[in-house]
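Below is one structure; the comments refer to it alone.
Heavy-atom basis, side chains included; hydrogens, waters and symmetry copies ignored. Nothing here was measured: the structure is a model prediction, and the numbers come from that model. The first residue of the sequence shown is numbered 1, and numbering continues consecutively from there. Start at 1 and go down the list; that is how both ligands and their atoms are numbered.
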Amino acid sequence: MTMKLNLENKTALVTGAASGIGKEIAETFATAGASVGICDLNIEGAKATADSIVASGGKAVAVAMDVTSEESVNAATDQVTDAFGPLDILISNAGIQIVNPIQDYDFGDWKKMIAIHLDGGFLTTKAALRTMYPGDRGGVIIYMGSVHSHEASPLKSAYVAAKHGLLGLARVVAKEGGSHNVRSHVICPGFVRTPLVDKQIPEQAKELGISEEKVIKEVMLGETVDGEFTTTADIANLALFLSAFPTAALTGQSIVASHGWYMN
Ligand code: NAD
């Protein structure tokens, strides 16, 4: 079967789609023909993403969603399926970063990190499966992991634990979903220059006692083969490939895009 990188007649829901990686995935999917639910806590940002997609001829709807709330996730998913029909693709991408050494890591911050990354993955999956399982119509669920799904870095206990956890969730979804034609993957980016990363540069410089330039060159890109950031377009293209891939030969995988920082 020749593969077409096109998502005509597909409905996709992208969380964290007001900014950064999620926004680029939503735009790329709309260009490939999908109808896209732009879900985010930041509804103004989500509206801006949806408006720019619609202005360029695509199909999108902005919906407020807090991925840590079951009620909000279910209500927002219903709004997307009311607009565009049952989901074919879920991109569970919303995320934040809080850096601190463990001895100073506030327990409330830990719980917030786990809630957004792991509870969010679970709740959006459960809501998506309600629309993918009936009639075994199936779908593709992609979690935004990280090189930190495989590697550790100082100051990132909650992030590394949560991103490792997504590998487990994705593998169970692949096994349980197989007989319903549901596939799942984890995309694991290296550092991508988004607001999430821009915020960390001065924070890490302060915690580690080094310059911001050193944080970029040594901490973030020191292990890459070419000193380059991964881009939002790199990740959106990878998400498109995995979403359009036609068979379950690819399921339960983690795909790392990090300029060789982590090789698996
Ligand atoms: P970003 O800050 O640009 O975007 C994250 C979006 O998530 C924001 O629009 C924010 O409003 C939204 N969000 C936060 N909490 C939410 C909640 N409770 N409910 C709904 N939406 C919420 O960040 P980004 O860099 O694009 O990150 C997207 C994902 O990619 C995250 O899961 C992040 O961990 C992962 N990631 C990023 C990088 C990187 O270098 N930027 C690397 C690896 C993985």
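Counting heavy atoms only, P189 comes closest to atom 43 (C) of ligand 1 of the residues P189, S149, A94, G22. The option with the heavy atom closest to atom 16 (C) of ligand 1, from among L41, I25, T15, is L41. Relative to atom 29 (C) of ligand 1, the option among N93, T230, I235, I38 with the closest non-hydrogen atom is N93.
A perpendicular orientation is assigned to the rings of Y159 and H117, their planes being inclined by more than 60° (bins at 30° and 60°).
Residue, atom and distance of the protein heavy atom nearest to atom 8 (C) of ligand 1 are D40 OD2, 3.6 Å. Protein heavy atom closest to atom 3 (O) of ligand 1, with residue, atom name and distance, is S19 OG, 2.6 Å. The protein heavy-atom contact nearest to atom 40 (O) of ligand 1 is V192 N, 2.6 Å. Closest to atom 42 (C) of ligand 1, if we only count protein heavy atoms, is G190 O, 3.3 Å. The protein heavy atom nearest to atom 24 (P) of ligand 1 is T194 OG1, 3.5 Å. Summary of contacts: the protein heavy atom closest to atom 36 (N) of ligand 1 is Y159 OH, 3.4 Å. Residue, atom and distance of the protein heavy atom nearest to atom 27 (O) of ligand 1 are L196 CD1, 4.0 Å. Nearest protein neighbour of atom 30 (O) of ligand 1, counting heavy atoms only, is M144 CG, 3.2 Å.
With R137 as the fixed residue, the side chain to side chain donor-acceptor pair (under 3.5 Å) test singles out one of T131, D88, N181: D88.
Of all the heavy atoms of I96, the ones lying under 4.0 Å from any atom of ligand 1 belong exclusively to the side chain. Of all the heavy atoms of M65, the ones lying under 4.0 Å from any atom of ligand 1 belong exclusively to the backbone. At a heavy-atom cutoff of 4.0 Å, ligand 1 is contacted by both the backbone and the side chain of V67. Residue contacts with ligand 1 for K163 involve side-chain atoms from C-beta outward but no N, CA, C or O (heavy atoms, distance under 4.0 Å). The proximity of D66 to ligand 1, defined as any non-hydrogen pair under 4.0 Å, involves the side chain as well as the backbone.
In the vicinity of V197, heavy-atom distances shorter than 4.0 Å reach the ligand 1 atoms 39 (C), 40 (O), 41 (N). Set against the non-hydrogen atoms of A18, the atoms of ligand 1 under 4.0 Å away are 9 (O). Within ligand 1, counting atoms from 1 as listed, the ones closer than 4.0 Å to a heavy atom of G145 are 43 (C), 44 (C). Near G20, the atoms of ligand 1 lying under 4.0 angstrom from a non-hydrogen atom of the residue are 3 (O), 26 (O). Proximity to I21 (heavy-atom distance under 4.0 Å) selects the following atoms of ligand 1: 26 (O), 30 (O), 37 (C). The F191 neighbourhood of ligand 1 comprises atoms 40 (O), with distances under 4.0 Å to a heavy atom of that residue. Residue contact check: G16 has heavy atoms under 4.0 Å from atoms 6 (C), 7 (O), 12 (C) of ligand 1.
Counting heavy atoms of neighbouring residues, nucleotides and ligands inside a 6.0 Å radius, atom OH of Y133 exceeds 12 of them. Around the CD1 atom of I102, the shell of radius 6.0 Å holds no more than 12 heavy atoms that belong to other residues, nucleotides or ligands. For CG of N9, the number of neighbouring non-hydrogen atoms (other residues, nucleotides, ligands) closer than 6.0 Å is 12 at most. Heavy atoms from other residues, nucleotides or ligands lying under 6.0 Å from CD of E223 number 12 at most.
When only modelled atom types and interatomic distance are considered, T77 and N74 share no side-chain donor-acceptor pair under 3.5 Å.
When all heavy atoms of Y143 and L166 are compared, the closest pair comes out as CD2-CD2, 4.1 Å. Contact record, A64 with I43: N-CD1, 3.5 Å, taken as the closest heavy-atom pair.
Considering backbone and side-chain atoms together, N42 places no N or O closer than 3.5 Å to any N or O of ligand 1. Between T68 and ligand 1, not a single N/O pair is under 3.5 Å apart.
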